[in-house]
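Below you'll find the structure, written out as structure tokens, and then a few comments.
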There are 2 protein chains.
Amino acid sequence: MRWTIDDVPVFLAVVDQKGVTAAARTLGMPKSTVSKALGRLEEALGLRLIERNSRNLRITSEGETFYRQAVLIMEQVREADAAMAGLNAVPAGRLVAALPPALCQELVAPNLASFRTRYPSVELDLIVTSHGVDLLRDQVDIAVVVGPQADSDLISRTLYSGPLIWVASPGYLAANPLGNDTDDLLAHIRICEKRYGLARLPVRVDGEPAYMDLARRITHVNDPISVRAAVLGGFGITLLPELYCRGQLRRGELTRVAEHITLDLSASVLSVVYPGRRLMSPKTRAFLDFLDEVVAKR
Amino acid sequence: MRWTIDDVPVFLAVVDQKGVTAAARTLGMPKSTVSKALGRLEEALGLRLIERNSRNLRITSEGETFYRQAVLIMEQVREADAAMAGLNAVPAGRLVAALPPALCQELVAPNLASFRTRYPSVELDLIVTSHGVDLLRDQVDIAVVVGPQADSDLISRTLYSGPLIWVASPGYLAANPLGNDTDDLLAHIRICEKRYGLARLPVRVDGEPAYMDLARRITHVNDPISVRAAVLGGFGITLLPELYCRGQLRRGELTRVAEHITLDLSASVLSVVYPGRRLMSPKTRAFLDFLDEVVAKR
DNA sequence: ATCTATCGTTCACAATTCTGAACGAACGGG
DNA sequence: CCCGTTCGTTCAGAATTGTGAACGATAGAT
């Protein structure tokens, strides 16, 4: 097959409008372009579709046969165009998102009803994972990952970057009075999130740079919710993103301590990774906005 | 709609072959062309159809939606291509031919069974007419016209150019002996075909150029068969294309006379007119060949 | 960790298509 | 019959697309 499918609507227009000039007007293109396209189609098919001179034209019987086929082709093309226009206008279709467990359990899952209400045509596939995600290999549209993300073809940006706070249960504190120096704090840390379990965790003590060793003799878990559950059960003091402690703090289930020892906001960063901003589908945009909202929610 | 339909098979190939390079091989085009076409389609649709890096690709859900539509489009395109290829391979379809009555009655009609046997898929529409034909305005594929045809965009060529002969019925001749000079011949002419009814019809008498006046006192008819019928009925001597007298001469119903007075072959010319030889449909070619055959038949 | 092979993309030039202008043809009005 | 208008086609230059070569990225083997 050697004919140009894009010449089909040109041919249809010439027949429908009964002339090259009228077809050109309808199509919004020069008549020399129409003449050329029609001639090219006839040459490629090896058949005259339209007999014509400078004043008259008539469709040949071959032209009639092709006309019937051409109408069906363009109907199909319009259907495809409408379907894609629909996808481009309203968020719809399946979206696969890989999320860390904590983010999913604490912030995303509790708000899914709201997302569904707002975007009834988006079908979410959530993958809770704590290891890295390859969008291509794992067939994922969006991924939220713990920590900053290296530059790549994929877009990544900070979804969350907020305060880390030291917390303990009131019961633990009543039974284990806390002194004021860093060593005393360190003595009470039994468990922490894996990403803070460093031999030299950079901190600020009263604004001064310092390091804390959370590597040895401390349980490390790559799930802040598990860390929180342990501390709620009296397992010492720990460092947690304020993001995951709001409710417990409000209800008095956890208490902030050692507020003079702080960490950089970037230490708690969650990154969201997705394909380039260009050609972003509406559903992807919608889910990104949704993530921004649930993270910002107080 | 601003996407290029010709990019659709490229997209389908990339998905089916799972890669730009493999698709390029299948399509027989450079991979940069494939990459460009795919990117152009995505840009025009405003949606990513395929997520990809240098080693992996996966179709997006938008891509899946478009894929389903694209498959239907290309099915339709293939159907159209097959229909047109069929038309280009085997003579088929309606053919409208305008023919002079004599040619049609005497040569074409008696042989139509043979034509149909040979080309069962060609549907003939024969228009018997004795006036000029405009292929475009009269919606005619081929026309046979009496006399030569002026040059034009249409192709015309001589279909028939043969001897004109003087004939009379034996009964008439028995009752009206014919002398040998031209004036005597002239005295016996009562009727002739309109195109020979000239005041100065160029003839050759024993090879010498001369003129005969067939304009006055002679009945003119633009149908050689009517002229023949009259002469068969004893209405004098007339001039007829040998083409239309073969059977009658063979059966002794007509007799040749004045064989020393001849006319130029071109005087009896029948021209066939049809659109340019380029892009001639098989059915047109078939009918032209058929006309050549019936005219050459003895 | 390094190297090699292969992929998809991009750039700059080659190739092709688009199109404005001009032309010949056709048709209707005077 | 002549003239003016409009049509479809064609040409030459403008514009766009195609594509070979080069590049950065990826993945598998060592």
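In the text below, chain A, chain B and the rest are named by the order of the sequence lines, each starting its count at 1.
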From the options [options], select the nucleotide whose nearest atom is closest to the side chain of [X].
X	options	answer
R137(B)	dC27(C), dA5(C), dT19(C)	dC27(C)
R55(A)	dT6(C), dG24(D), dT5(D)	dT5(D)
S54(A)	dC7(C), dA26(C), dT19(C)	dA26(C)

Residue-phosphate contact under 4.0 Å: R52(B) side-chain N/O, dT9(C) OP1/OP2:
yes

dC7(C) OP1/OP2 closer than 4.0 Å to side-chain N/O of N56(B): no

Side-chain donor-acceptor contact under 3.5 Å, S35(A) with S32(A)
no

Next on the checklist: Hydrogens and angles aside, do S281(B) and T284(B) bring a side-chain donor and acceptor to less than 3.5 Å of each other?
Outcome noted: yes

Separation of [N] [atom2] from [X] [atom1] (nearest whole Å):
X	N	atom1	atom2	value
L57(B)	dT6(C)	CG	P	18 Å
M29(B)	dA15(C)	CE	C1'	15 Å
E51(A)	dA26(C)	CD	P	14 Å
K18(B)	dC7(C)	NZ	P	15 Å
D6(B)	dT16(C)	CG	C1'	14 Å
L136(A)	dA25(D)	CG	P	15 Å
D134(A)	dT26(D)	CG	C1'	10 Å

**OP:** Measure from the ring center of W3(B) to the ring center of F11(B) and say whether it is less than 6.0 Å.
**Re:** no

Problem set entry | Test: R52(B) and E42(B) ion pair at under 4.0 Å | yes

Give a yes or no on whether a salt bridge exists between R157(B) and D292(B), defined as a side-chain N under 4.0 angstrom from a carboxylate O.
yes

Please evaluate residues Y119(B) and D289(B) with respect to the criterion side chain to side chain donor-acceptor pair (under 3.5 Å), reporting the C-alpha separation (whole Å), side-chain torsions for both, the decisive distance (0.1 Å), and the verdict.
CA-CA 12 Å; Y119(B) 305 111; D289(B) 291 344; 5.3 Å; no

Expected list for residues 31-49 of chain B near DNA chain D, using heavy atoms below 4.0 Å, is S32(B), T33(B), K36(B), R40(B)

Rounded to the nearest 0.5 angstrom, the CG-CE distance for L41(B) and M84(A) is 8.0 Å

